[in-house]
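Notes follow the structure.
Letters A, B, ... mirror the listed sequences (proteins, then strands); counts begin at 1. These numbers were taken from a predicted model, which means no experiment stands behind them.
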2 protein chains.
Amino acid sequence: MTMPRQPQSRRNRPAKPPLSRQWIIDVTIEIMRREGLKKATMRRVAQELDTGPASLYVYIRNTTELHAAVVDELLRDLTVAKSGSWAERLERLVTDYRDVMWQNPGLARSALVIRPVGPNLLALFDRMLGLFIEGGVAPDRAAWGVDLLLLSATATAAEHAPGDGDEDAGIEPAEQQNAIVLAVRTADAATTPYLAEHADAVLAGRPEERWSWSVRAQIAGIATTALTTDT
Amino acid sequence: MTMPRQPQSRRNRPAKPPLSRQWIIDVTIEIMRREGLKKATMRRVAQELDTGPASLYVYIRNTTELHAAVVDELLRDLTVAKSGSWAERLERLVTDYRDVMWQNPGLARSALVIRPVGPNLLALFDRMLGLFIEGGVAPDRAAWGVDLLLLSATATAAEHAPGDGDEDAGIEPAEQQNAIVLAVRTADAATTPYLAEHADAVLAGRPEERWSWSVRAQIAGIATTALTTDT
DNA sequence: ACCTGAACACCGTTCAAGT
DNA sequence: ACCTGAACACCGTTCAAGT
């Protein structure tokens with residue numbers, strides 16, 4: 001019997017992880033990137049850290065808090081473009097936000113539920129608010145408008161992003177898309193006359209075109225619609 | 001030893017449930033109404049139907065499909081108001097939709113993920129499309145606009161509706177709201193100047209006011225923003 | 001204070017076997 | 001064809017006990 005090559009593996013996985021809050025978050029992000037957020041469970045993260053799940057509860061209250069921390073961490077690098085009109089820069093910024101949600105499977109649907117309010121989300125909110133105000137939009141409309149834009153960005157990502165990592169999430173977006181196309185194309189002219197007549201319009205456009213239009217439509221509406229708090 | 005009172009309990013829970021797809025959906029809705037959608041699991045529904053979970057798989061492919069069926073079932077009764085302008089009737093209809101999502105814990109976040117395309121959702125889509133067209137909005141904008149309105153309604157409900165039934169969903173909306181208010185009120189004027197200056201505007205308004213404004217803003221934007229598919 | 005093994009109370013889904 | 005017991009492979013969280 002040969003001795004196990006313990007020293008070797010020790011050098012690869014040095015000593016033992018320090019097990020801090022930040023280290024837990026980093027490992028969670030790693031797992032999410034590789035296998036989707038759904039796989040980044042307390043048990044799985046603990047396993048990756050060579051410990052039992054109970055140990056994580058010293059640093060993190062529960063799964064929800066862990067995922068909220070991950071969301072905020074990923075928003076760290078969003079910056080405002082240097083050129084373009086205020087509306088163009090706003091569209092680019094909210095699109096960058098959507099991309100973060102889009103590219104990390106499971107993140108958007110998680111963000112919708114947990115409402116993370118970390119420093120990086122606040123910074124993003126501030127920048128969007130600033131762009132509206134730069135554009136001469138009344139601050140009260142701007143404030144509610146940022147909420148609306150972020151909400152629809154998150155929701156769009158939740159709908160279109162791939163599942164929680166692998167197929168067993170139920171039905172994949174691609175498969176769902178087929179179901180939608182089929183349902184609309186075969187819409188009954190008797191019960192759903194408008195849908196039947198305008199099926200092409202309903203299904204038209206690439207996701208990016210639809211997204212861009214919806215952002216511009218929202219910005220236009222936000223800029224022109226008065227609050228009625230004085231009634 | 002006395003005989004078990006089998007005939008009695010037979011009369012209460014007659015014979016044995018027929019175990020059809022519709023019966024499964026109905027029981028699922030019952031459980032959701034009482035305890036939230038999160039509790040309406042395959043195992044739990046099977047238990048309520050006096051059978052093992054495997055039996056459900058004869059009628060329903062997986063949990064996702066079950067929840068999608070529940071969503072469509074609940075949209076059955078949405079109708080268009082008889083009076084008011086097209087925009088007012090549209091606002092009322094999409095608000096009714098939001099209310100269904102709002103009142104059934106866990107339903108909205110489920111709907112965002114599963115994109116149900118049952119007959120009742122198609123009928124709702126058709127009615128909203130019809131109202132836009134009645135209002136003279138170009139069909140291509142109207143088609144994408146209905147998508148945007150339904151998306152933001154679902155997302156709004158997902159954010160504000162109570163958790164999945166009970167407290168253990170992590171953090172409740174009320175608690176989250178406190179966290180948001182605190183974070184905005186204590187925003188740092190150095191790193192988030194706009195947020196600090198306009199904290200009152202960000203936090204202003206009751207949910208209903210904010211919702212009504214966001215619907216009107218979206219409708220206005222949808223009606224006035226041209227598609228750029230011709231570029 | 002920090003860490004952990006073990007347990008509690010659950011999940012979704014599949015499969016082989018029954019009727 | 002329809003139904004099911006049992007199993008497989010997981011979950012989140014808590015708790016008593018250790019260091």
Side-chain angles (χ1 to χ4, degrees), chain A residues 13 15-25 27-28 31-32 34-70 105-106 109-110 113-114 163-172 175, chain B residues 13 15-25 27-28 31-32 34-70 105-106 109-110 113-114 163-172 175:
Chain A
R13 202 180 261 275
K16 182 135 195 216
L19 202 55
S20 64
R21 190 183 156 88
Q22 189 59 49
W23 182 245
I24 292 169
I25 292 169
V27 167
T28 308
I31 297 172
M32 179 197 66
R34 284 200 310 265
E35 309 173 45
L37 193 62
K38 205 183 57 181
K39 294 276 185 179
T41 62
M42 295 297 257
R43 286 182 111 101
R44 182 64 200 288
V45 171
Q47 193 191 44
E48 208 94 343
L49 287 163
D50 264 325
T51 183
S55 305
L56 306 186
Y57 286 84
V58 175
Y59 302 95
I60 275 140
R61 262 211 293 182
N62 50 43
T63 309
T64 303
E65 204 204 274
L66 176 61
H67 289 177
V70 166
R109 60 192 67 172
S110 177
V113 174
I114 58 189
D164 294 88
D166 48 22
E167 62 301 323
D168 72 0
I171 307 153
E172 277 301 281
E175 198 183 326
Chain B
R13 202 178 260 274
K16 180 135 195 217
L19 203 56
S20 64
R21 190 184 155 86
Q22 190 59 49
W23 182 242
I24 291 169
I25 292 168
V27 167
T28 308
I31 296 172
M32 178 197 66
R34 282 200 311 264
E35 309 172 44
L37 192 63
K38 206 183 57 183
K39 294 276 186 180
T41 62
M42 295 297 257
R43 286 181 113 101
R44 181 63 200 288
V45 171
Q47 194 192 42
E48 209 95 340
L49 287 163
D50 264 324
T51 182
S55 305
L56 305 185
Y57 286 82
V58 176
Y59 302 95
I60 275 139
R61 260 210 295 181
N62 50 43
T63 309
T64 303
E65 203 204 274
L66 175 61
H67 289 177
V70 165
R109 58 192 69 172
S110 178
V113 175
I114 57 189
D164 293 89
D166 48 20
E167 62 302 324
D168 73 359
I171 306 153
E172 278 300 281
E175 198 183 325

- Sticking with atom C1', work out how far C/dA16 lies from D/dC2, rounded to a whole angstrom. 15 Å
- Determine whether A/Met42 and A/Ile60 make a side-chain contact, defined as any pair of heavy atoms from C-beta on separated by less than 4.5 Å. yes
- Listed nucleotide nearest any side-chain atom of B/Tyr59, set D/dC2, D/dT4, D/dT13: D/dC2
- Task: Calculate the interatomic distance between B/His67 atom NE2 and C/dG12 atom C1'; express it in whole Å.
- Result: 11 Å
- Message: I'd like the C1' distance from D/dA17 over to C/dA1, given in whole Å.
- Response: 15 Å
- Message: Any non-hydrogen side-chain atom of B/Leu49 less than 4.5 Å from a side-chain atom of B/Leu56?
- Response: yes
- State the pairing partner of C/dA1; accept Watson-Crick or G-U wobble contacts with both distances under 3.5 Å, and report none otherwise. D/dT19
- Starting at CD of B/Glu35 and ending at P of C/dC10, how long is that distance when rounded to a whole Å? 11 Å
- Which nucleotide in the set C/dC3, C/dC11, D/dC11 lies at the smallest distance from any side-chain heavy atom of A/Thr41? D/dC11
- Task: State whether A/Thr51 places a side-chain N or O below 4.0 Å from either non-bridging phosphate oxygen (OP1 or OP2) of C/dT4.
- Result: yes
- Query: Roughly how many Å is it from CZ in A/Arg43 to P in C/dT4, rounded to a whole number?
  - Reply: 15 Å
- Query: What's the NZ-C1' distance between A/Lys38 and D/dA9, to the nearest Å?
  - Reply: 13 Å
- Given C/dT4, C/dT13, D/dT13, the nucleotide with the shortest approach to the side chain of A/Ser55: C/dT4
- To the nearest angstrom, how far is B/Glu65 atom CD from C/dG12 atom C1'? 14 Å
- Can we say A/Glu65 and A/Arg61 salt-bridge, meaning some charged N sits less than 4.0 Å from an Asp/Glu carboxylate O? yes
- Task: Check the distance between C/dT4's P and A/Asp50's CG and give it to me in whole angstrom.
- Result: 9 Å
- Message: So if I take every side-chain heavy atom of A/Leu19 and compare against C/dC11, D/dT4, C/dT4, which nucleotide ends up nearest?
- Response: C/dT4
- Residue matched to D/dA6 through Watson-Crick or wobble contacts both under 3.5 angstrom: C/dT14
- Hey, is the side chain of B/Thr63 poking within less than 4.0 Å of OP1 or OP2 on C/dT13, counting only N and O atoms? yes
- Query: Nearest of D/dT14, C/dT4, C/dT13 to any side-chain atom of A/Tyr57?
  - Reply: D/dT14
- Message: Please report the distance, rounded to the nearest Å, between CD1 in A/Ile31 and P in D/dC10.
- Response: 14 Å
- Item | A/Ala54, nearest nucleotide to its side chain (from D/dC3, C/dG5, D/dT13) | C/dG5
- Message: The side chain of A/Asn62 is closest to which nucleotide in this list: C/dC2, C/dC11, D/dT13?
- Response: D/dT13
- When rounded to whole Å, the CD to P distance for the pair B/Gln47 and D/dG5 reads 13 Å
- Note on the structure: Between A/Leu56 and B/Ala40, whichever has its closest DNA chain C nucleotide further toward 5' is A/Leu56
